Chemist: 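Here it is, the structure, as structure tokens.
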Protein chains: 2
Amino acid sequence: MARKSAADFPLRLDNQICFAVYSTAHAFNRVYKPLLDKLGLTYPQYLVMLVLWERDDVPVKEIGERLLLDSGTLTPLLKRLEAAELIKRTRSTEDERQVLIALTAKGEALREKARAVPQSILAASACSVGELVAMKNEIVALRNRLNAVLGE
Amino acid sequence: MARKSAADFPLRLDNQICFAVYSTAHAFNRVYKPLLDKLGLTYPQYLVMLVLWERDDVPVKEIGERLLLDSGTLTPLLKRLEAAELIKRTRSTEDERQVLIALTAKGEALREKARAVPQSILAASACSVGELVAMKNEIVALRNRLNAVLGE
DNA sequence: CACAATTAGATTGCGCGCAATATAAATTAT
DNA sequence: ATAATTTATATTGCGCGCAATCTAATTGTG
């Protein structure tokens with residue numbers, strides 16, 4: 001008779017990949033916190049800035065699509081970034097439903113200070129870039145399968 | 001000259017494992033939502049119930065250690081579970097600082113309805129138990145390295 | 001053209017997650 | 001034994017994350 005494996009205890013906390021993901025997301029948040037405090041950003045705000053540093057002057061919708069967030073989350077977050085003078089929010093003239101998000105000079109400048117962040121995270125994760133990339137690809141593949149189920 | 005790899009664009013959103021973990025946690029949440037709605041639980045509440053279904057009559061502290069959550073999160077959450085009559089909260093007589101959490105009959109009974117949840121999640125993740133266990137172990141190892149950095 | 005349907009974003013409400021602080025009980029030091 | 005320290009939980013405040021609802025603009029249809 002085979003030894004009982006994890007699959008035989010599906011309700012055990014330690015056997016649940018979702019808890020592994022959930023608690024790792026919190027761990028990342030805690031590691032990021034002191035780094036992002038220096039930039040005056042929260043982690044979700046940092047994600048929005050990453051999107052804008054790649055390409056500027058995008059509608060809220062597009063930011064939401066990249067980060068998988070809706071307007072209920074983004075609208076107040078973007079207002080806070082605007083209050084911090086990192087971005088500008090302007091109604092599109094072509095389509096007045098859209099609000100375009102653009103970086104201010106201050107928002108652009110913050111990019112330089114942010115360059116130090118990824119290497120600090122890499123150091124904290126204590127493994128090679130290759131391992132991280134491999135793990136990231138697996139996790140993203142899992143996420144995409146989960147999201148595919150939701151779309152049905 | 002070698003082709004540029006992910007490591008050469010550390011600020012790109014798609015290269016960040018933290019975003020992979022963050023967005024996968026949200027994806028799990030969305031998949032869980034309709035399943036847990038039937039049980040009348042949120043995902044964090046479900047995690048607390050998992051802990052209690054393993055072992056009952058534990059102090060808040062122990063739940064916090066297993067889930068990596070503090071009293072600021074747990075106290076109101078536990079009060080809501082108490083309001084739903086799934087648990088009882090009683091001051092320990094041995095150590096009056098502690099509050100012991102015990103399942104009610106209703107809380108015990110909910111375990112049976114919860115048995116269907118893990119297999120639904122497994123189906124949604126669309127991969128084998130073996131693959132999931134391997135991925136889970138990698139992610140937990142990463143989480144533990146991140147948390148180790150925080151403890152310094 | 002009018003009118004229905006869709007789309008982008010804003011608003012409200014609720015439940016985390018966590019920092020900061022408070023309180024009361026237990027432990028340790030003196 | 002008294003005082004100082006530590007520990008367990010509670011409270012407050014803020015920023016997400018998301019469901020539900022609302023408004024205004026655009027698109028589609030007869």
Side-chain angles (χ1 to χ4, degrees), chain A residues 18-19 21-34 36-37 39-49 58-65 67-84 87 89-101 147 150, chain B residues 19 21-34 36-37 40-49 58-65 67-84 87 89-101 147 150:
Chain A
C18 58
F19 176 64
V21 172
Y22 165 91
S23 55
T24 304
H26 291 331
F28 266 120
N29 217 328
R30 287 190 281 267
V31 171
Y32 267 102
K33 180 124 204 336
L36 295 181
D37 279 349
L39 307 184
L41 295 174
T42 65
Y43 180 68
Q45 289 168 5
Y46 172 70
L47 291 179
V48 169
M49 295 303 285
V58 292
V60 173
K61 182 85 195 309
E62 186 174 322
I63 298 174
E65 281 168 358
L67 300 182
L68 309 173
L69 296 173
D70 69 0
S71 73
T73 300
L74 286 175
T75 297
L77 186 157
L78 292 168
K79 285 184 176 177
R80 281 187 283 272
L81 287 180
E82 187 178 40
I87 64 166
R89 298 162 64 247
T90 49
R91 284 269 158 204
S92 164
T93 50
E94 292 149 34
D95 184 341
E96 297 224 341
R97 290 172 305 181
Q98 294 188 344
V99 169
L100 297 177
I101 307 298
N147 281 334
L150 291 167
Chain B
F19 176 64
V21 172
Y22 165 92
S23 54
T24 304
H26 291 331
F28 265 120
N29 216 329
R30 286 190 281 266
V31 172
Y32 268 101
K33 182 128 203 335
L36 295 182
D37 278 350
L41 295 174
T42 65
Y43 181 68
Q45 289 168 6
Y46 172 70
L47 291 179
V48 169
M49 295 304 286
V58 292
V60 174
K61 183 83 195 308
E62 187 174 322
I63 298 174
E65 281 167 359
L67 301 182
L68 307 173
L69 296 173
D70 70 0
S71 74
T73 300
L74 286 175
T75 297
L77 186 157
L78 292 169
K79 285 184 175 177
R80 282 186 283 271
L81 287 180
E82 188 177 39
I87 64 166
R89 298 162 65 246
T90 49
R91 283 267 158 206
S92 165
T93 49
E94 291 149 34
D95 184 340
E96 298 223 341
R97 292 171 305 181
Q98 294 188 344
V99 169
L100 298 177
I101 307 298
N147 281 333
L150 291 167

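First the proteins, then the strands, lettered A, B, ... as listed; each starts at 1. Just so it is clear, the structure is predicted and the values come from calculations on it, not from any experiment.
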Chemist: Report yes or no: does Asn29(A) contribute a side-chain atom to a donor-acceptor pair with the main-chain N or O of Tyr32(A) at less than 3.5 Å?
Modeler: no
Chemist: Side chains of His26(A) and Leu68(B): does their closest heavy-atom pair fall under 4.5 Å?
Modeler: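 Result no, sub-4.5 Å side-chain heavy-atom pair not found.
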Chemist: Sub-3.5 Å donor-acceptor pair from the side chain of Arg89(A) to the main-chain atoms of Leu100(A), do we have one?
Modeler: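 Here the side-chain-to-backbone pair does not exist.
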Chemist: Could you check how far CZ of Arg91(A) sits from P of dA25(D), rounded to whole Å?
Modeler: 8 Å
Chemist: Looking only at side-chain atoms of Glu96(A), point me to the closest of dT26(D), dA10(D), dA10(C).
Modeler: dT26(D)
Chemist: Would you name the heavy atoms of Leu78(B) and Ile87(B) that are closest together and state the gap between them?
Modeler: O-CD1, 3.4 Å
Chemist: Separation of Leu81(A) atom CG from dC14(D) atom P, in whole Å?
Modeler: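 Rounded to the whole Å, the gap is 18 Å.
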Chemist: Ignoring the backbone of Arg97(A), work out which of dA8(D), dT26(D), dG9(C) is nearest its side chain.
Modeler: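 Given the options dA8(D), dT26(D), dG9(C), the side chain of Arg97(A) is closest to dT26(D).
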Chemist: Once you round it to whole Å, what is the distance between P of dT6(D) and CG of Asp95(B)?
Modeler: 17 Å
Chemist: When we call it a touch if two heavy atoms are under 4.0 Å apart, what does Glu94(B) touch: a base, just sugar-phosphate, or nothing?
Modeler: sugar-phosphate
Chemist: Do Pro44(A) and Thr73(A) touch side chain to side chain, with heavy atoms closer than 4.5 Å?
Modeler: no
Chemist: Decide if the gap between the ring center of Tyr22(A) and the ring center of Tyr43(B) is smaller than 6.0 angstrom.
Modeler: yes
Chemist: Among the candidates dA25(D), dT11(D), dA25(C), find the nucleotide nearest to the side-chain atoms of Lys79(B).
Modeler: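 Minimum distance to the Lys79(B) side chain belongs to dT11(D).
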Chemist: Only stems of 3 or more consecutive Watson-Crick or G-U pairs count here, both distances under 3.5 Å; name the ones for DNA chain D, or none.
Modeler: C:1-30 with D:1-30
Chemist: Ignoring hydrogens, what is the shortest heavy-atom contact between Gly40(A) and Gln45(A)? Give both atom names and the distance.
Modeler: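 In terms of heavy atoms, the two residues are closest at O-OE1, 4.0 Å.
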Chemist: Provide the closest heavy-atom pair for Leu41(B) versus Tyr46(B) in the form atom of the first, atom of the second, distance.
Modeler: CD1-CA, 4.0 Å
Chemist: Quick one: does Asn147(A)'s side chain have a donor or acceptor within less than 3.5 Å of a partner on Leu150(A)'s backbone?
Modeler: no
Chemist: Under 4.0 angstrom, heavy atoms only, what part of the nucleic acid is Glu62(B) near: base, sugar-phosphate, or nothing?
Modeler: nothing
Chemist: Mind calculating the distance between CD1 (Ile101(A)) and C1' (dA8(C)) to the nearest angstrom?
Modeler: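 Answer to the nearest Å: 12 Å.
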Chemist: Can you tell me the distance, in whole Å, between the CD atom of Glu82(A) and the P atom of dG9(C)?
Modeler: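 Rounding to the nearest Å, CD of Glu82(A) and P of dG9(C) are 14 Å apart.
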Chemist: Which one, dA25(C), dA25(D), dT11(C), comes nearest to the side chain of Thr75(A)?
Modeler: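 Looking only at heavy atoms from C-beta outward on Thr75(A), the closest nucleotide is dT11(C).
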Chemist: To the nearest angstrom, how far is Gln98(B) atom CD from dT6(D) atom P?
Modeler: 19 Å
Chemist: For nucleotides 16-18 of chain C, print each protein N/O atom paired with a nucleotide N/O atom at under 3.5 Å, atom names and distance only.
Modeler:
| from | atom 1 | to | atom 2 | distance (Å) |
| --- | --- | --- | --- | --- |
| dC16(C) | OP1 | Thr42(B) | OG1 | 2.7 |
| dC16(C) | OP2 | Gln45(B) | NE2 | 2.8 |
| dC16(C) | OP2 | Arg80(B) | NE | 2.9 |
| dC16(C) | OP2 | Arg80(B) | NH2 | 3.1 |
| dC16(C) | O5' | Arg80(B) | NH2 | 3.1 |
| dG17(C) | OP2 | Tyr22(A) | OH | 2.6 |
| dC18(C) | OP1 | Arg30(A) | NH1 | 2.8 |
| dC18(C) | N4 | Gly72(B) | O | 3.3 |

Chemist: Distance check needed: dA19(D) P versus Leu36(B) CG, whole Å only.
Modeler: 13 Å
Chemist: Output the rounded distance in Å from CG (Leu74(A)) to C1' (dA10(C)).
Modeler: 12 Å
Chemist: Taking only side-chain N and O atoms of Ser71(A), does any of them lie within less than 4.0 angstrom of OP1 or OP2 on dG9(C)?
Modeler: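 Checking Ser71(A) against dG9(C): no side-chain N or O falls below 4.0 Å of OP1 or OP2.
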Chemist: Tell me the closest heavy-atom pair linking Leu74(B) and Val48(B), and the distance in Å.
Modeler: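 Where Leu74(B) meets Val48(B) most closely, the heavy atoms are CD2-CG2, 4.1 Å.
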